[in-house]
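Data first, discussion second: the structure below is written as structure tokens.
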Amino acid sequence: WVHSRLRLLVQAVETCSGGALIAHPFPMRHQDPNKDPNLHCIYFIGLGPAPPPPGQQAPPRGTLNLNPAVEQFQMMVTSWVNRADNTMQWQPGMEAQVKHMKRKDLPAWAVPPPTPAALAA
């Protein structure tokens with residue numbers, strides 16, 4: 001369910017940033033080895049500056065508030081309605097957390113080992 005909504009988060013982040021950020025989703029499902037794999041999964045989205053329009057310089061870096069995009073995503077994920085009978089499917093314990101991490105702070109289990117080509121470069 002969450003996986004199918006990631007594209008909407010990507011679109012909302014890019015829109016919310018006013019085109020200053022471009023999102024790179026990594027749709028592979030990751031498992032934290034310390035959590036129950038039946039109840040917990042992790043997806044990553046990389047963020048980077050959007051390229052400037054041709055002939056223009058990149059705008060100065062500043063602070064961007066992505067809270068509206070994140071809040072919209074969390075509300076969408078937790079508002080799961082069964083289309084067959086229109087009942088709310090959310091149950092206590094079902095939640096979606098979004099947090100900012102720098103690449104250097106990613107857990108070791110989430111970083112793929114370098115390829116031989118990358119090691120040779």
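Sequence positions, counted from 1, serve as the residue numbers for this chain. When reading the values below, keep in mind they use all heavy atoms of this one structure, side chains included, and skip hydrogens, waters and symmetry mates.
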Validation row: M101, P107 side chains within 4.5 angstrom (heavy atoms):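 M101 reaches P107 side chain to side chain.
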
Does the side chain of P25 come within less than 4.5 Å of L6's, by heavy atoms? no

Using the rule that two of Ile, Leu, Val, Met, Phe, Trp, Tyr join whenever any of their side-chain heavy atoms come within less than 4.5 Å, decide whether L47 and I22 are in one cluster. no

State yes or no: do M28 and Y43 share one hydrophobic cluster built from I, L, V, M, F, W and Y residues joined by side-chain heavy-atom distances below 4.5 Å, directly or via other members?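 In one cluster: no.
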
Between I45 and L9, does the side chain to side chain contact (heavy atoms under 4.5 Å, CB included) criterion hold? Intermediate values first, please. CA-CA 9 Å; I45 297 175; L9 176 60; 3.6 Å; yes

Residues 64-76, side-chain donor-acceptor partners within the protein, below 3.5 Å, at least two apart:
| residue | atom | partner | partner atom | Å |
| --- | --- | --- | --- | --- |
| N65 | OD1 | N67 | N | 2.9 |
| N65 | OD1 | N67 | ND2 | 3.2 |
| Q74 | NE2 | A96 | O | 2.9 |

Aromatic ring pairing H30/W109, orientation class (parallel under 30°, perpendicular over 60°, tilted between):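 It falls in the tilted class, 30° to 60°.
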
Heavy atoms from other residues, nucleotides or ligands near CD of Q11 exceed 12 (cutoff 6.0 Å):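 No, because the 6.0 Å sphere around CD of Q11 holds 12 heavy atoms or fewer from other groups.
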
Looking at residues at least two apart in the chain, or sitting in another chain, which of them share a ring-ring contact (aromatic ring centres under 6.0 Å, His included) with F26?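 Partners of F26 by the ring-ring contact (aromatic ring centres under 6.0 Å, His included) criterion come out as none, since no residue qualifies.
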
So K102 and H100, side chain to side chain contact (heavy atoms under 4.5 Å, CB included) or not? Walk me through it. CA-CA 7 Å; K102 294 190 178 214; H100 177 263; 4.2 Å; yes

Nearest heavy atoms of R29 and C41, plus distance in Å: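 For R29 and C41, the tightest heavy-atom pair comes out as NE-CB, 3.3 Å.
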
Nearest atoms (heavy-atom pairs only) where H40 meets Q31: O-NE2, 2.8 Å

